[in-house]
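Encoded as structure tokens, the structure appears first; notes follow it.
Below, each value reflects all heavy atoms present in this structure, side chains not excepted, and no hydrogens, waters or symmetry copies.
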Amino acid sequence: MSKQNILVIICISFLFLSCKENKTSVVVDKIKFNNNWAFKRIENQNVDSLFFEKKIDTKNWDAVQLPHTTKVEPKIVNNQWQGISWYRKNFKLTNEMKNKKLFFKFEGAMNIAEVWVNEKKLIKHQGGYLPFVIDFTEVADFENENTIAVKLNNEDNPVTGPKPLKTLDFNTYGGIYRNVWLIAKNSLHITDPIYANKKASGGIFVSYPEVSEELAKIKIQTHVKNEDLSKNSFIIKNTLLKNDVEVISFESKEQILNSNQEQEFVNNLTIDNPELWSPNSPSLYLLKTEIIQDGKTVDKEITRIGIKTVKFIDQDLYLNGKKTFLRGVNRHQEYPYIGYALSDNANYRDAKKIKEAGFDYVRLSHYPQSNSFMDACDELGLVTIDAILGWQYFSKDKEFQEHVFQASKNLIRRDRNHASVLAWEVSLNESWMPESFIDKLTQIAHEEYPGDQCFTAGWQSYGYDIYLQARQHRLQHYDSTLTKPYNVSEYGDWEYYAMNAGLNQDDWSGLLQEERSSRQLRSAGEKALLQQAKNIQEAHNDNLKTPAFADGYWVMYDYNRGYSNDLEASGIMDIFRVPKPSYYFYQSQRNYNDAFGKPILYIANNWQENSPLEVTIFSNCDEVELFLNGKSLGRQKPDSNRVSDKLNHPPFTFSIEKFEKGTLEAKGYIDNKIIIADKRETPGKASTIKIKVDDDYQNLKNEDTDVFFVHAYVTDDNGILVADSTDKILFKVDGKAEIIGEESVIAEAGIASILVKTSDIKNVKIEANFHN
């Protein structure tokens with residue numbers, strides 16, 4: 001049979017939602033400001049440009065939509081672009097926005113951002129990972145077109161850190177790579193917590209003085225500013241909603257603010273039998289906060305919250321009164337080609353994959369990650385440790401230290417209402433910090449989040465509430481004299497990559513580095529990928545023998561390193577989010593009867609002539625039986641030969657004397673009944689392509705773009721994956737969509753992947769051909 005080509009048509013339905021209130025009662029416009037930007041990368045860095053001037057002609061600039069990266073990089077980024085780039089946009093303001101306060105909010109722009117509106121410079125912001133807000137009310141023009149111009153510099157910076165890209169172990173990329181919002185508010189309004197810059201205040205701050213399964217007390221702090229010319233009286237109304245149904249509401253007494261006065265107001269709600277947030281039950285409420293004048297709402301904020309309580313008893317974590325262990329992973333926010341410029345949907349998909357892999361916790365390494373990722377963690381039940389930027393860089397310079405202090409404040413102000421946050425990593429990762437500096441950071445955190453629900457975390461044992469111990473960087477990873485809560489923040493990668501902390505080094509004396517490493521590309525072969533899985537099992541099992549309340553494997557996804565000409569390949573999924581066998585190991589560690597659990601059975605073997613004869617099976621079933629061409633090779637319980645393991649579900653292993661072409665089939669038993677099966681068949685010659693589109697859409701609106709992966713599986717005539725195929729696949733996309741990066745891709749372990757970007761389309765056609 002000749003090789004076939006496959007055509008896939010994706011039908012994408014869009015949900016068009018208005019950002020505005022009914023015109024009869026305009027409260028606030030919050031408009032996503034991502035469309036119709038012009039972009040120019042400055043290749044001659046010695047030219048001082050004046051691209052903020054309104055007269056600038058941008059017809060030769062690139063037309064772009066946010067999120068956007070300054071340069072589409074190759075799959076392996078060894079020389080990431082750094083320098084000056086410009087973004088410009090012309091826009092008109094509606095009559096409804098007259099006499100309102102006007103703001104731009106940037107969720108993230110790398111790294112130094114200078115912004116002009118109508119030729120007036122309004123800000124120079126340092127730092128690429130946290131938001132900044134601009135008030136442009138005074139320069140707004142309602143008669144003519146307005147212009148916003150943004151100058152970005154993503155060169156190495158000693159004030160923001162981290163250390164220079166040429167020695168950095170990850171990339172920082174560039175661009176306005178997160179959303180931008182245009183916000184119009186009445187003169188009497190709820191402030192933005194970043195713009196207000198108030199300690200433990202600004203905007204809406206929700207905390208929980210008392211929480212149990214029987215009762216929850218909710219404290220709601222609302223910071224209001226009156227920029228009217230006269231004093232204003234008003235009431236604050238808080239309404240708690242669950243599934244769009246009102247649970248409880250409260251109206252304050254009449255409040256008064258004089259002209260140009262601002263004040264924080266506190267309301268309290270008490271609810272019976274609250275639905276508490278946890279990884280097994282990520283229950284969320286909507287809190288509507290309204291400023292009401294003369295019976296009309298003049299401002300409104302919607303805050304999604306989750307009610308929970310955290311307590312440490314000795315070194316054990318108690319979440320909502322229940323002792324809890326968190327199995328977790330670290331995540332870099334990078335995609336191939338576009339760096340950090342992920343869509344909201346792409347961030348959601350990343351979080352969903354982490355949850356589906358069997359994790360309940362993710363450490364946000366090593367910087368603040370996007371609002372949409374945080375939202376997804378809240379929704380999916382992923383506990384987070386939320387971090388400021390830091391990696392092997394500390395400076396005695398006062399400006400650097402003040403920047404770190406402000407970043408710590410802004411991190412907490414941005415994320416304090418997220419149910420998923422367990423602790424604040426106000427620590428410079430792998431950067432030795434003096435004790436006075438740590439004291440200041442921990443002081444800031446507890447001042448910004450008062451009460452007993454604030455926990456700080458750091459990689460040094462001094463000062464922090466939680467010790468983040470990266471075992472892979474130490475020969476002795478656990479100190480028995482340690483008494484504070486302990487989290488194995490990183491494990492399983494470097495300790496096997498560099499042989500400085502692997503547990504069975506004597507057994508590996510004959511192994512080459514690439515054979516013992518956890519850094520294994522999907523194309524490295526079955527033996528190498530099983531070595532990665534073995535390393536993970538060994539290290540994770542050892543973590544469970546310590547008092548750690550959580551551990552985090554390094555890392556979820558393969559990623560680029562600024563200084564290196566190869567991928568860091570310790571991910572349990574590759575950079576295109578295709579699973580490696582280790583992914584299924586973690587899946588099998590979740591009990592099948594957990595809230596997010598299901599029966600798992602995965603044969604970690606391709607059953608080709610060069611496949612291992614010791615067959616590893618990852619499963620959370622009670623028993624597994626393996627068959628070869630219909631003949632049973634035995635039925636095992638998981639602990640039959642692994643009695644020393646503390647893993648929830650140790651892998652099953654079956655030894656086969658010799659290779660026999662045909663079918664391996666495994667059956668999983670629960671309560672002595674076959675519940676699930678998996679099989680591998682020896683493939684024939686590559687002849688066909690099957691396409692899988694990773695486009696799990698969430699909340700796609702007409703002002704959004706999305707980026708998603710398309711995977712071409714090389715199969716034989718019977719649809720069996722040819723796992724050693726290195727065929728070149730040529731992709732073609734028709735419709736309002738484009739391929740970002742390579743169109744002609746060599747298959748890795750039988751799968752070729754591309755990245756597709758779409759915008760406001762009904763149908764996309766994707767074609768994959770064998771490319772000889």
Side-chain angles (χ1 to χ4, degrees), residues 1 358 522 524-534 536-538 579-593 597-645 647-688 690 713-725 749-751:
M1 181 177 180
R522 276 197 319 103
E526 291 177 84
K527 183 178 179 181
L529 291 170
L530 285 169
Q531 182 66 48
Q532 181 197 53
K534 178 182 178 182
I536 290 172
Q537 295 160 36
E538 180 182 73
K580 302 175 189 177
S582 299
Y583 172 92
Y584 300 98
F585 162 73
Y586 279 116
Q587 272 201 331
S588 73
Q589 295 309 294
R590 191 184 293 282
N591 294 330
Y592 60 79
N593 55 359
K598 61 181 180 180
I600 296 296
L601 185 68
Y602 178 81
I603 301 173
N605 195 296
N606 296 324
W607 202 238
Q608 296 176 281
E609 193 167 357
N610 59 350
S611 295
L613 293 177
E614 183 176 84
V615 177
T616 300
I617 298 174
F618 300 123
S619 180
N620 57 6
C621 294
D622 299 337
E623 295 180 88
V624 167
E625 187 172 13
L626 183 64
F627 299 82
L628 175 56
N629 292 328
K631 180 181 178 180
S632 177
L633 300 181
R635 183 167 162 178
Q636 291 184 10
K637 293 183 177 181
D639 59 351
S640 57
N641 296 310
R642 305 294 296 274
V643 292
S644 64
D645 268 321
L647 299 176
N648 285 6
H649 305 284
F652 298 80
T653 55
F654 292 83
S655 295
I656 300 176
E657 289 186 5
K658 64 178 182 178
F659 173 77
E660 181 181 318
K661 183 179 178 180
T663 303
L664 275 181
E665 184 175 19
K667 296 180 180 180
Y669 294 80
I670 296 175
D671 295 331
N672 213 31
K673 296 179 181 178
I674 297 174
I675 300 297
I676 188 172
D678 190 26
K679 68 178 180 179
R680 298 288 179 271
E681 297 181 68
T682 307
K685 293 183 178 180
S687 61
T688 305
K690 289 184 177 180
Y713 289 71
V714 179
T715 68
D716 66 6
D717 291 350
N718 298 314
I720 301 168
L721 178 70
V722 183
D724 56 1
S725 166
I751 304 171

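Residues I617 and Q636 are not in side-chain contact: their nearest non-hydrogen atoms beyond the backbone lie 4.5 Å or more apart. In this structure, the side chains of F585 and T616 stay at 4.5 Å or more apart for every pair of heavy atoms. Within the 4.5 Å cutoff, the side chain of I600 has no heavy atoms near those of the Y592 side chain. By the 4.5 Å heavy-atom criterion applied to side chains, K679 and E681 are counted as neighbours. Between D724 and Q608, the closest side-chain pair of non-hydrogen atoms falls below 4.5 Å.
Pairing each heavy atom of I676 with each of P599, the nearest pair is CD1-O, 3.3 Å. Shown here for H649 and S619, the closest heavy-atom pair between the two residues is CB-O, 3.4 Å. When all heavy atoms of D622 and D671 are compared, the closest pair comes out as OD2-N, 2.9 Å. The two atoms that bring V722 and T715 nearest to each other are CG2-C, 3.8 Å, heavy atoms only.
Close placement of the Y584 and Y602 rings is indicated, their centers lying within 6.0 Å of each other.
Judged by distance alone, the side chain of N648 and the main-chain N or O of R590 form no donor-acceptor pair under 3.5 Å.
For the residue pair E614 / T653, no side-chain donor-acceptor distance below 3.5 Å is found, with atom types taken as modelled. A donor-acceptor contact under 3.5 angstrom links the side chains of N629 and E660, judged on distance only.
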